[in-house]
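Report on one structure; see the data block that follows.
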There are 2 protein chains.
Amino acid sequence: MATRSELTSALKDAGFRLTPQRTAICAALAAREDHPTAQSIHEELKQQYESLSLTTVYQTLDSLVRIGAIRSLGTAGDDSVHYEPNIEPHINLACLTCHRIRDLESEAVRELEREVSEATGSKVLSGRVVYYSDCLLRADPNECPFSSKVADGTANTFGNVEPKR
Amino acid sequence: MATRSELTSALKDAGFRLTPQRTAICAALAAREDHPTAQSIHEELKQQYESLSLTTVYQTLDSLVRIGAIRSLGTAGDDSVHYEPNIEPHINLACLTCHRIRDLESEAVRELEREVSEATGSKVLSGRVVYYSDCLLRADPNECPFSSKVADGTANTFGNVEPKR
DNA sequence: ATTACTGCAAAAGATTTGCACTAGG
DNA sequence: CCTAGTGCAAATCTTTTGCAGTAAT
């Protein structure tokens, strides 16, 4: 998991200026355990930095993705892009109902990145490995897809959460 | 690669009605070698089926994704979702400049899907394995990222294409 | 006959852009 | 200083929705 200073250093090393806004965004990314969207980072930070604009959040996230410091996972059934502060190779499992993403450790992903490096002739900078569920086909849209697969009483993979939409 | 009838059968089996529009969309998906967006399918088909609406294309693609007949890869640096008619496990390499996606064979991806099945307790229905390039950092936005990595005269991975944006 | 499907127009939302102001190096 | 960065408002664009007409089974 990236630390706040790893993220800010990455920006600085890439030639970006270090502003309080960027530092705050990096700190928020490093602190969060989930896979935030631009909106959710903005909502979280504007409590302390009420002048922080959504535009700046978008720009900073984009810069971080472009330098390979974080990854863009695409949407999780909602319409917003989720970002991944954890650039250690792993699998993401997305629930199309509750729009949350869970990390899954995987040795095979490391092998994948080796294959990509070899095929492209350069180090892997960024990518997304996301598997998503078929919950949209289920009768009850409020039902979490991963929990619904567990016929017996086994715990829900994600816990109980409300779908956003 | 899915055939037209595999796609239409999948829809029928899932309880969807077979309409000329859906059949056409399935045919277009099966025929294409690239990773189309809803817009590009619509543009292609409206030449023959001028009444075909973009709404129907979106709906049909969504249905196909939900039944696991095709996959949604997310964006490739543009803002539209690309779809994947080829559900054989493989890696996708996306160029953030020209917005095209290339397939890369990989045995490791099969292993990935086994891991996901095991972790979720069910068969993998859909997912995206996409690596994208760092072309956005390059000086010339018209330069294709994959070609730019080839210092000698080796052929461009994608051929020469214009960025969309 | 039923009920899902289609297409249109409008809406919804996320992300981007233009621009004047501000501040990092 | 000088140029990059910020924030606001407006614009853009993709995707979704409401609804009345149409067609699949």
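Below, each value reflects all heavy atoms present in this structure, side chains not excepted, and no hydrogens, waters or symmetry copies. Within every chain, numbering begins at 1; the chains are lettered A, B, ... in the order of the sequence lines, protein sequences first and strands thereafter. The shown structure was predicted, so the numbers you read here are calculated from the model rather than taken from an experiment.
Listed nucleotides: dT15(D), dG5(D), dG24(C). Nearest to the side chain of Pro20(A): dG24(C). Among dA4(C), dA4(D), dT15(C), the nucleotide with an atom closest to any side-chain atom of Leu54(A) is dT15(C). Side-chain proximity of Ser51(A) to the nucleotides dA4(C), dG25(C), dG7(D) is greatest for dG7(D). Ranking dG7(D), dA24(D), dT14(D) by closeness to the Tyr58(B) side chain, first place goes to dT14(D). Ranking dT15(D), dG7(C), dG25(C) by closeness to the Arg17(A) side chain, first place goes to dG25(C). Listed nucleotides: dA24(D), dA9(C), dC8(D). Nearest to the side chain of Thr55(A): dC8(D). Set against dG5(D), dT6(C), dT14(D), the side chain of Gln59(B) has dT6(C) as its closest nucleotide. Side-chain proximity of Gln39(B) to the nucleotides dG7(D), dG5(D), dT14(D) is greatest for dT14(D). Out of dT16(D), dT15(C), dG5(D), the shortest distance to the side chain of Asp79(A) is found at dT16(D).
Taking Ile, Leu, Val, Met, Phe, Trp and Tyr as hydrophobic and joining them when side-chain heavy atoms fall under 4.5 Å apart, one finds Leu54(A) in a cluster with Tyr58(A).
Taking atom CD of Gln21(B) as the reference point, atom C1' of dG21(D) lies 13 Å away to the nearest angstrom. Taking atom CG of residue Leu45(A) and atom P of nucleotide dT6(D), one finds them 13 Å apart after rounding to whole Å. The nearest whole Å value for the distance from the NE2 atom in His42(A) to the P atom in dT16(C) is 15 Å. Note: CZ (Phe16(A)) to P (dA4(D)) measures 11 Å, nearest angstrom. Following rounding to the nearest Å, Asp62(A) (CG) and dG5(D) (P) show an atom-to-atom distance of 12 Å. Atom NZ in Lys46(A) sits about 14 Å away from atom C1' in dC8(D), given to the nearest Å. For the pair Asp78(A) CG and dT15(C) C1', the computed distance is 14 Å after rounding to whole Å. Look at CG on Leu61(A): it is 15 Å from P on dG5(D), rounded to the nearest Å.
Contact between the side-chain N/O atoms of Thr19(A) and the OP1/OP2 oxygens of dG24(C) is not found at any separation under 4.0 Å. One finds a side-chain N or O of Arg22(A) lying less than 4.0 angstrom from the OP1 or OP2 phosphate oxygen of dT6(D).
Partner Tyr83(B) forms a side-chain contact (heavy atoms from CB on, under 4.5 Å) with one of Leu73(B), Thr37(B), Val65(B) and no other, that one being Val65(B).
Taking for each of Lys12(B) and Tyr83(B) the nucleotide of DNA chain D with the nearest heavy atom, the 5'-most of the two is the partner of Tyr83(B).
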*Decide side-chain hydrogen bond (donor to acceptor under 3.5 Å, both in side chains) for His90(A) and Asp103(A); before the verdict, give the C-alpha distance in whole Å, the side-chain angles of both, and the deciding distance to 0.1 Å.*
CA-CA 7 Å; His90(A) 65 277; Asp103(A) 288 345; 3.1 Å; yes

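Salt bridge status for Glu88(B) with Arg110(B): present, with a side-chain N to carboxylate O gap under 4.0 Å.
His82(A) places a side-chain N or O within donor-acceptor distance of the main-chain N or O of His35(A), the cut-off being under 3.5 Å.
For Thr56(B) and Gln21(B), the side-chain atoms include no donor-acceptor pair closer than 3.5 Å.
For the atom pair CD of Glu33(A) and CG of Asn86(A), the computed distance is 9.5 Å after rounding to the nearest 0.5 Å. To the nearest 0.5 Å, the span separating OG1 on Thr8(B) from CG on Leu29(B) amounts to 11.5 Å.
Across residues 2-11 of chain B, not one residue has a non-hydrogen atom less than 4.0 Å from an atom of DNA chain D.
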